[in-house]
2 protein chains.
Amino acid sequence: MTESREFLYPSKWLSKASAGDRVTYELRMRIISGQIESGTILSENKLAIDFAVSRSPIREALKILASENIIRLERMGAVVIGLSEIEIEEIYDVRLLIESFVFERLVRIDTNELIKELSKILEMMKVAIKYSDADEFAYQDVLFHETIIRAANHSYILMIWNNLKPVMESFILLSMRMRFKEKVEDFTRIIKNHELYIEAIRTKDRDLMSKSLHENFDDVQGKVEDLWISQQILSKGVVQQND
Amino acid sequence: MTESREFLYPSKWLSKASAGDRVTYELRMRIISGQIESGTILSENKLAIDFAVSRSPIREALKILASENIIRLERMGAVVIGLSEIEIEEIYDVRLLIESFVFERLVRIDTNELIKELSKILEMMKVAIKYSDADEFAYQDVLFHETIIRAANHSYILMIWNNLKPVMESFILLSMRMRFKEKVEDFTRIIKNHELYIEAIRTKDRDLMSKSLHENFDDVQGKVEDLWISQQILSKGVVQQND
DNA sequence: GATATAATACTTGTATACAAGTATACTTAA
DNA sequence: TTAAGTATACTTGTATACAAGTATTATATC
């Protein structure tokens with residue numbers, strides 16, 4: 001059995017987190033990265049030993065990951081589902097659905113504050129690129145979309161986002177780490193797309209929004225590929241440096 | 001302190017359920033029915049005593065209810081959010097969003113099996129009306145929509161549904177119990193609307209689907225009202241007979 | 001060797017114990 | 001009477017223990 005002592009999830013993001021949260025975030029990363037392969041059966045007891053915690057935080061983690069659809073709880077053991085190409089496209093379907101809905105709400109309200117906030121986040125993203133900080137970039141990228149969604153002020157849409165976010169975050173983290181190594185040129189396009197987003201919200205232009213959402217969606221194909229590359233990098237033992 | 005020994009959730013639906021599940025379902029019903037008022041602070045220990053179980057199943061329940069947005073976990077105690085008019089409309093927004101998405105998938109596949117299944121459920125609903133079985137009717141109503149959603153074969157849309165379903169189910173249960181007592185004439189309309197749903201799926205007619213979704217949505221106003229009536233009935237001590 | 005039965009090593013769900021932290025109430029000193 | 005400090009009664013998160021159930025393996029029987 002190959003045991004990994006490296007943690008995939010940025011440890012500084014877990015400074016105040018409980019043991020349960022740590023396990024949840026780390027386990028999620030290992031599943032999404034493919035370090036724990038799809039089909040693997042996870043045992044509460046084994047995980048408790050691996051993470052050097054009791055079964056309580058492990059149980060908590062498994063319940064959450066099951067609700068995120070990346071594992072499946074059965075009578076005996078938790079079966080890893082993971083993220084295949086299909087699931088990633090499905091996640092983007094949902095994001096498209098949510099953000100389209102949100103946009104329809106945004107065209108009816110004042111978005112000046114939101115645009116200011118988004119511009120700030122975009123600046124942050126640029127700085128993250130400048131300093132090749134993949135994790136920070138991923139964080140700001142996720143925050144960008146969350147900020148838009150929050151602006152719609154719709155608690156049940158936010159609920160969906162909260163359910164989707166952790167998986168998205170993990171996926172984007174892995175994707176961005178890989179891109180900083182192998183496809184830095186991608187970031188120009190990503191930044192441009194986010195500028196388009198802001199512009200669409202500012203002008204309340206449905207066509208422009210549709211265009212930027214669509215471009216983002218097209219990017220999925222690339223992102224799916226990213227995950228494979230990311231998994232290959234991991235399996236080769238090229239481990240990520242986080243801080 | 002007024003303690004209720006009556007259970008709101010149909011006990012026969014919990015035959016194989018764990019203590020954690022029982023608490024989750026019952027607590028959800030009490031919150032949505034308004035028996036536990038919005039703003040109330042729930043204590044793990046007090047709940048454990050009330051339900052005569054340990055803190056473990058209570059913790060499990062609170063985590064789930066928090067992910068459903070009907071309570072909010074804070075550093076000290078869980079604050080009840082409940083379902084106000086706004087939340088109910090929001091839930092229907094999401095249902096509309098999901099079912100519209102699902103319909104777009106259904107027009108592209110063979111739906112013969114689905115229609116057969118839905119027709120069967122509709123028959124069941126009619127029988128439930130005939131025997132004034134509110135709980136059975138609610139069950140079949142929820143199942144009707146779940147069956148449609150499942151047919152789309154989209155795991156992340158199903159994930160959203162799974163997150164929304166318990167709250168919907170509780171709400172529909174309460175609403176239908178009330179209607180059987182106070183507004184029996186409603187059921188003719190509900191059945192008709194479901195027939196329209198099936199017809200829309202059969203003919204793959206977008207306009208018809210939009211019409212039936214819209215009618216269902218218009219029904220929300222009535223349903224919100226239902227909850228108030230339901231809450232009044234509860235506060236008057238008129239308790240529901242379940243089996 | 002195949003089949004039934006018993007022993008075992010797991011599994012989950014729940015109860016309980018405890019540490020660390022936080023709000024509330026109660027002092028005590030000014 | 002008020003302010004600061006202290007005690008007390010809560011809170012959460014985690015560890016551990018245990019009961020009941022379920023696979024797996026070993027053993028005995030045919």
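Every chain is numbered from 1 and lettered A, B, ... according to where its sequence line falls, protein lines coming before strand lines.
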Original post:
Between A/Lys46 (NZ) and C/dT11 (C1'), how many Å, whole number?
Top reply: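 Computing the A/Lys46:NZ to C/dT11:C1' distance gives 11 Å.
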Original post:
Reading nucleotides 12-22 of chain C from the 5' end, what letters show protein touch, with B for base, S for backbone sugar-phosphate only, - for no heavy atom under 4.0 Å?
Top reply: BBBBBB---BS
Original post:
What pairs meet the ring-ring contact (aromatic ring centres under 6.0 Å, His included) rule with one or both residues in residues 22-43 of chain A, with sequence neighbours excluded?
Top reply: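 Output for this query lists A/Tyr9-A/Tyr25.
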**OP:** Could you check A/Arg28, A/Arg30, A/Arg22 and say which one makes a salt bridge (Lys or Arg N to Asp or Glu O under 4.0 Å) with A/Glu26?
**Re:**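 So, applying the salt bridge (Lys or Arg N to Asp or Glu O under 4.0 Å) to A/Glu26 and each of A/Arg28, A/Arg30, A/Arg22, only A/Arg30 qualifies.
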**OP:** Under the ring pair (Phe, Tyr, Trp, His ring centres under 6.0 Å) rule, collect the residues that match up with A/His145, sequence neighbours excluded.
**Re:**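 If we apply the ring pair (Phe, Tyr, Trp, His ring centres under 6.0 Å) test to A/His145, skipping adjacent residues, the hits are A/His194, A/Tyr197.
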Original post:
In terms of the angle between their ring planes, are B/Phe51 and B/Phe7 parallel, tilted or perpendicular, with boundaries placed at 30° and 60°?
Top reply: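 Plane angle between 30° and 60°, so tilted.
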Original post:
Do we see a donor-acceptor contact under 3.5 Å between the side chains of A/Thr147 and A/Glu117?
Top reply: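 There is no such pair between these side chains.
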